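Residue numbers run from 1 in the order of the sequence given. As the structure is a computational prediction, the values presented were derived from the model and not from experiment.
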Amino acid sequence: MPPTSIDQLPRREREVFETLYRLEQATAATLRGVLADPLSDSAVRTLLSRLEVKGLVRRTAGPDGFVYAPVPRTDAVAESALKRMVETFFAGSAASAATALLGLGQTLTPDEAEALRRTIDRMGTSGEGEDRS
């Protein structure tokens, strides 16, 4: 049975999965070359095999060997990664994380700004997502 979130993966499996997710697809050799803390070729292949057994990665034959890609789970993966980031870097405060993201200096489109206003209004009146720390 696959894990419900990437948080349940061991650290190295999670690192390989997140790197593959960012690349969208890669051979084991390509993946090995972009990992922050390089692993041996056999270690990368073993981790990819474990992820495949867990249903998180699929492989197809390519001209240079197997090409690995994450199984589409966009919402679940993004939510899990975001929750981990908020817990790790913002002491569990979604408001602090949102403020930091907005402070990156990127300009919002009018549609994005309106979507944020609606979400903030909804969260403020319903009590959902309150920071209880």
Drop me the distance from [X]'s [atom1] to [Y]'s [atom2], to the nearest 0.5 angstrom.
X	Y	atom1	atom2	result
Leu116	Asp111	CG	CG	11.5 Å
Arg58	Gln25	CZ	CD	8.0 Å
Leu104	Thr99	CG	OG1	11.0 Å
Leu47	Leu31	CG	CG	9.0 Å
Leu51	Arg59	CG	CZ	12.5 Å
Arg117	Glu114	CZ	CD	5.5 Å

Does the side chain of [X] reach to within under 4.5 Å of the side chain of [Y], using non-hydrogen atoms?
X	Y	value
Val71	Leu56	no
Thr30	Asp64	no
Val16	Val57	no

Flag yes if [X] and [Y] sit in one hydrophobic cluster, no otherwise; membership is Ile, Leu, Val, Met, Phe, Trp, Tyr, and two members link when side-chain heavy atoms are under 4.5 Å apart.
X	Y	answer
Leu23	Leu39	yes
Leu101	Phe89	no
Met123	Leu108	no
Val34	Leu48	yes

- request: Indicate yes or no: does Glu15 engage Arg12 in a salt bridge with an N to O separation below 4.0 Å.
  value: yes
Please report the closest heavy-atom contact between [X] and [Y], naming both atoms and the distance.
X	Y	answer
Lys54	Pro10	NZ-CD, 3.9 Å
Arg32	Val44	CB-CG2, 3.9 Å
Pro70	Phe17	CB-CE1, 3.9 Å
Ala97	Val86	CB-CG2, 3.7 Å

